[in-house]
Amino acid sequence: MKPDSQPPRVVPVLVPMPADRPYSYSVAAGMQVGPGSIVRVPLGPRQVAGIVWDGDGGSVDPKKLRPIEQVFDCPRVTDEMRRFVDWIADYTLSPPGLVARMLLRAPAAFDPEPWIEAIERTDAAPDRMTAARGRVLETADSGLAWTRSGLAHAAGVSSTVIDGLKAQGVFRDVMLPPRPIVAAPDPSYATPQLMPDQESTAATLTEKVSAGTFSVTLIDGVTGSGKTEVYFEAIAAALMKGRQVLILLPEIALTHAFLERFQDRFGTKPAEWHSDLPPRMREKVWRQVAEGQVRVVAGARSALFLPFCELGLVVVDEEHDPAYKQEDRVYYNARDMAVVRGHIGGFPVVLASATPSLESRVNALSGRYARVALPARFAEAALPDLKAIDMRRSPPARGGFLSPILLDETRRTLERGEQALFFLNRRGYAPLTLCRVCGHRFQCPDCSSWLVEHRFRGQLVCHHCGHNEPRPEACPECGTLDHLVACGPGVERIAEEAVGHFPDARIIVLSSDMLGGVRRLRLELEAISKGEADIVIGTQLVAKGHNFPNMTLVGIVDADLGLANGDPRAAERTFQLLSQVTGRAGRTGKKSLGLLQTYQPEHPVMKAIVSGDAEAFYERETEERQRAGLPPFGRLAGIIVSAATRQEAESHARALRRAAPAATDIQVLGPAEAPLALIGGRHRFRLLVHGERRTDIQKFVRSMLAAADRPRGSVRVQVDIDPQSFL
DNA sequence: AAGTAGGCGGGT
DNA sequence: CCCGCCTACTTA
């Protein structure tokens, strides 16, 4: 090296791995890079995509320094997006590189989409005409360009005919830019006729959008009150302002109906984003979002990490839905992160739900969020008649789980040629198997929860960790043959019972472990909408926004399920789920009925569902939490361990995991850099466990510590709540 | 995260 | 005696 040569320019690059800060890379002379550039860099033996971050390159041993290999021809990650990544990394105590990784999950999108080879008509005429040539010229008459195979197909000729014409100069090659995956939505495609209340609510939202500043608005309105139509107007306003829009939906793979509604309003479907998207489509969406061709995305929680260039509105539909929580690697709730995204981007966020989460309701009441409520008036005709069935008074037949009242109503429904839905939120045949002779209960060897029998598959399955084993004939404890007995119902068992009562009915079971995956499920849902089933027996996935126009009866097989599991959110969750499920019977225009089988008809959840008085229920729940000294929100608990190195923290985590095998989700998320509570000058690492109550977590940690023999003081507990308090 | 290097068990 | 699996360690 010449002694007078300049030292190379060095920049920080976030690489997609859990380092706690960017790595330094050198920049070749003349290479155009700046914050936000997506680059290819060497990392150990491989090449990875990284993002040039802010600040200087830091100091690193020059011997270790390696060069950026390539700057991708791709829009830079915006300043907004980089702040968003930093914020989430800080808040969730995740390494920023892992957060950045969520934004780099479409590797082929960093190179520009290839242009399409096509042909177009010239002025030249062919030497002689044939019938095939005539058809080709007629088809291509419009003067637009065609792909070779596309034109051949449309004209009904072999592509050699096209080649012949091209050889004579009748067509010439042209390159076309890649086609947009969706047309631009038209905000005035089908302006709806809104009812006065919807009108004023829509006006409130469009004002927020025109203001173009950060705000959060909660739309609260029962099923059928027109929430979607109302926030569509906010979307129209954002589109007219030239801004992009993100609609978050829980589990979008099953929300076909939503996309159609969007199309009816805007003339085209939004771009979709979810984990089942084929890789080629993923890349196109990513690229076209970054370049601004895609104006509206409807997506699952990961769509928050799409590189929007002009985002101006985020709508979070069904904001209470637990599917918004990501619980691996980076723990976050997409609903809260959407609020943070809006705060950083300076634009409005809309949360919508018929059954808002307690925390959103509290945020609305305290004035932190605006709240607009849609009255149920317009929806009333669409709401089912709801009744609780007291199972102590109308018990099922011996060995069964369906009460005579529900069976009676089902018979009537089928006689009218309408459909019935039995809802039970439990997959498989039976949640517990025991030996009648010795009392042995089948337990998961890895996490000690009961094994659920799946009779159709002939297996015992742990719903907690996925462990499975074949169902044995003999008891493993006492060896007795044929004395194993199934306890309690799952959907398979309810189906068996239904077949016994209605042998001629077409009965279908829907659950997430259905053979054939999401595709099959979508087909089945379609078939049900068309009336190709009489009785549908399903788990919670039937609760998600499907329309079954002929479904006039919903029976909740076990409305108490989920109320007694010690989760402080049990009542809230049950209320939300049951509201959603009974709502499935409301959209028919016909008289419809919802029946809740319960052993506690006086429970506040049952009373709230039957009376429709959600407000009283919410007030009660909120007060209950206050009485218990809990914030009305909060979910995560961080366990802080003290350790000198990440390795040592990992070793703490391993010991804690061993001591509490049920807590498989203990995870090291540190080190936390906060200067407080440094223990003995060592680093603090945070571990996350599930839990909603500080006391529960503390108890949990104490028992783990006793069992794991960790040094006193090496573990502290901190409960993390509500990100809004950081704004 | 993903790849490499070092430690041991066990079967051919 | 070498392969497979587990753990520790590195990546700029």
Between [atom2] on [N] and [atom1] on [X], what's the gap in Å once rounded to a whole number?
X: A:Y23; N: C:dT10; atom1: OH; atom2: P; result: 11 Å
X: A:R40; N: C:dA12; atom1: CZ; atom2: P; result: 15 Å
X: A:L14; N: C:dT11; atom1: CG; atom2: C1'; result: 14 Å
X: A:R66; N: C:dT11; atom1: CZ; atom2: C1'; result: 8 Å
X: A:Y25; N: C:dT11; atom1: OH; atom2: C1'; result: 7 Å
X: A:D61; N: C:dT10; atom1: CG; atom2: C1'; result: 14 Å
X: A:L98; N: C:dT11; atom1: CG; atom2: P; result: 18 Å
X: A:K64; N: C:dA12; atom1: NZ; atom2: P; result: 7 Å

Is A:N425 reaching over with its side chain to a backbone N or O of A:Q540, donor-acceptor style, under 3.5 angstrom?
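At least one qualifying donor-acceptor pair exists.
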
Closest heavy-atom pair and its distance - [X], [Y]:
X: A:V316; Y: A:A338; result: CG2-CB, 3.7 Å
X: A:E319; Y: A:S357; result: OE2-N, 2.7 Å
X: A:P472; Y: A:F442; result: CG-CE2, 3.8 Å

A:L98 vs A:P18 side-chain heavy atoms within contact, under 4.5 Å:
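The answer is yes; the side chains approach within 4.5 Å.
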
Hydrogens and angles aside, do A:H454 and A:N468 bring a side-chain donor and acceptor to less than 3.5 Å of each other?
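The answer is no; no qualifying pair exists.
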
Pair A:F305, A:Y332 - check ring pair (Phe, Tyr, Trp, His ring centres under 6.0 Å), show working.
CA-CA 12 Å; A:F305 297 95; A:Y332 67 91; 5.6 Å; yes

Cationic N near anionic O, under 4.0 Å, A:R83 to A:D86
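No.
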
Considering only NZ, NE, NH1 and NH2 on the basic side and carboxylate oxygens on the acidic side, decide whether A:R287 and A:E283 come within less than 4.0 Å.
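No, this pair does not count.
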
Output a table of nitrogen or oxygen pairs between the protein and nucleotides 3-6 of chain B separated by less than 3.5 Å.
none

Contact list for DNA chain C against residues 100-111 of chain A - heavy-atom distance below 4.0 Å
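Heavy-atom contacts with DNA chain C come from no residue of residues 100-111 of chain A; none.
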
Just to be sure I understand the rule, does A:P42 reach a base, reach only the sugar-phosphate, or reach nothing, if contact means heavy atoms closer than 4.0 Å?
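The residue A:P42 makes sugar-phosphate contact but no base contact.
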
